[in-house]
Amino acid sequence: MAMQENDLLLEVKNLYVDYQAGNGSVHAVRDVNLTLKRGEILGLAGESGCGKSTLAFGIARLLRPPAMITGGEILYHSRPQAERKGEMVAARQDRHASKEEIVDVLELTSSQLRAFRWNELSVVFQSAMNALNPVMTIGTQIIDGIKAHRPDMGAAACQKRAAELLDLVGIAPDRLRSYPHELSGGMRQRAVIAIALALNPELIIMDEPTTALDVVVQREILELISKLCKEFSTALIFITHDLSLLLELADKIAIMYAGAMIEKGTSKDVYLHPRHPYSYGLLHSFPTLTGPRRRMVGIPGSPPDLRMIAQGCPFSERCPLAFDPCRSVTPELLPAVANNPEQTVACHLYNTKYNETVPGEERFAQGYEALAEGRTAR
C-alpha cells in the first residue's frame, strides 16, 4: 500500500525523559522529535544507554518512577471508535477511509491507557523468557489478553483466534498447551510476537527482540516481522544496538546518542551515505562479508555522563573530526545536503556557518584511523 499524506500515525514532539536520582537527574531522552506513518518500519539504533528503550517506553507510557516525562507531546492518530465494532480483522480493512482522531497519549487516564494498549499499541519486550509467565501455557497467555480487551468474545472464538495467531507466526497450534520452558528461544520469541498481534494493533514496539538468538533464528524472526508488517499494514518501531539488522528491515533509521537523535533518514541513505561521524563509526564497527579486507577501527572512549551533558555536541570528545564550535554550540538536527531534506543530521560539519566543505566518508575513515594511531585528525 502506497503511503499517503494522511497516513500519519504517530508524532513525538520535543520529548524529554529524566530519571530522578539523589545525585542529580539523568537526562535519558532530550528533545526527541519523530513521525511514523501507518505500515512504516522505523529502526532506532545506538549504543547501550543512549535512550532507545526509554524513548519507546515513554511512547507506550510504561515508564515507572524514578523515570518521569518532563516535557513534550505524544500524539497518536487513531481511527474512530465506530470502526472497532465487528470482527477484529474486518476492522482493519476500512480504517484508512474514515476520519481520524488525534489522541494525546500523555493525557490518557489509567482506564483509557489500558484500552489504548494492545488495541492500538503493543510491545514485544527484550527477553521473551522473562516476558512470558513460566507457570501458564502459551494459549492461556494469548487468550487472557484477548479476553481483557474483548470480553464479548466467547471461549471458542478466543481459542480459535489463539490458534490462528500461532499459525501466523509459524508455530503449530497444538503448542497452545505448551509452557514457555517447553519451547526453544526462537519459538518463545514468536509466541511473544503472536501475543502482540492478538488485537491487530496499529503500532508495535519491539525492544531488541532478537538479541539472545543465533543468527539463523534472527534471520527467520526478521523475515517474519517484515512479512507481518506488510500483510497487516502495521507500523513498527524496532530497537537495536546492531545497526546492520535495520538495513534490510527498516524503512527509516534514527540514530540516538546521549539521549538525543543525531541522524535520521531512509535505511538506504544511512547505509550508503552516513552523515554523522558516529553513524559512520557504528556502520564500520562490524566486518563485511564481501569485498576487500579493511582495517576495523572502533569508536574510542565512552558515552558522556547523562547527569551532566556538556555544552556543545555530546559526541565531540569521541569525534575524530571535532573542532571548536563542536565544544561550545549544540548542533541542530537539520538536512545534511540541500537535495535530500529527508536525511537530517545534528553535526556542525554540515553547517556552512562553521564548515564550508561537506565531509565525505574518506574523511571519516581517515579521522578514525588517526585517532587509533594517536594522531590528530584535523
Going by distance alone, is a donor N or O of one side chain under 3.5 Å from an acceptor N or O of the other, for [X] and [Y]?
X: Asn119; Y: Arg150; value: yes
X: Ser279; Y: Glu263; value: yes
X: Glu47; Y: Tyr257; value: no
X: Ser78; Y: Glu120; value: yes

Looking only at atom types and distance, does a side-chain atom of [X] sit under 3.5 Å from a main-chain N or O of [Y], one as donor and one as acceptor?
X: Gln343; Y: His273; answer: yes
X: Asp251; Y: Ile41; answer: yes
X: His284; Y: Tyr280; answer: yes
X: Thr54; Y: Gly51; answer: no
X: Thr344; Y: Pro335; answer: no

Beyond-backbone contact of His348 with Cys326, side-chain heavy atoms, under 4.5 angstrom: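 They are in side-chain contact.
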Evaluation steps, salt bridge (Lys or Arg N to Asp or Glu O under 4.0 Å), between Arg61 and Glu107: CA-CA 10 Å; Arg61 290 277 305 275; Glu107 296 296 326; over 6 Å; no
CD (Glu332) with more than 12 external heavy atoms under 6.0 Å: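 Open.
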Whether Tyr278 and His276 hold their rings parallel, tilted or perpendicular, with breakpoints at 30° and 60°: perpendicular
Taking every non-hydrogen atom, the tightest pair across Phe125 and Val123: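 Closest pair (atom of Phe125, atom of Val123, distance): CE2-CG1, 3.7 Å.
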Distance-minimising heavy-atom pair for Arg175 and Ile138: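 Nearest heavy atoms, Arg175 then Ile138: O-CB, 4.0 Å.
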Residue of the set Leu42, Leu10, Thr234 for which side-chain contact (heavy atoms from CB on, under 4.5 Å) holds with Leu203: Leu10
Identified side-chain hydrogen bond (donor to acceptor under 3.5 Å, both in side chains) partner of His77 from the options Glu101, Glu11, Lys37: Glu11
Salt bridge (Lys or Arg N to Asp or Glu O under 4.0 Å) assessment of Lys227 paired with Glu231: CA-CA 6 Å; Lys227 172 179 173 289; Glu231 184 175 347; 3.4 Å; yes
Residue pair Arg190, Glu220: steps toward the salt bridge (Lys or Arg N to Asp or Glu O under 4.0 Å) verdict: CA-CA 10 Å; Arg190 289 169 183 265; Glu220 292 175 354; 3.5 Å; yes
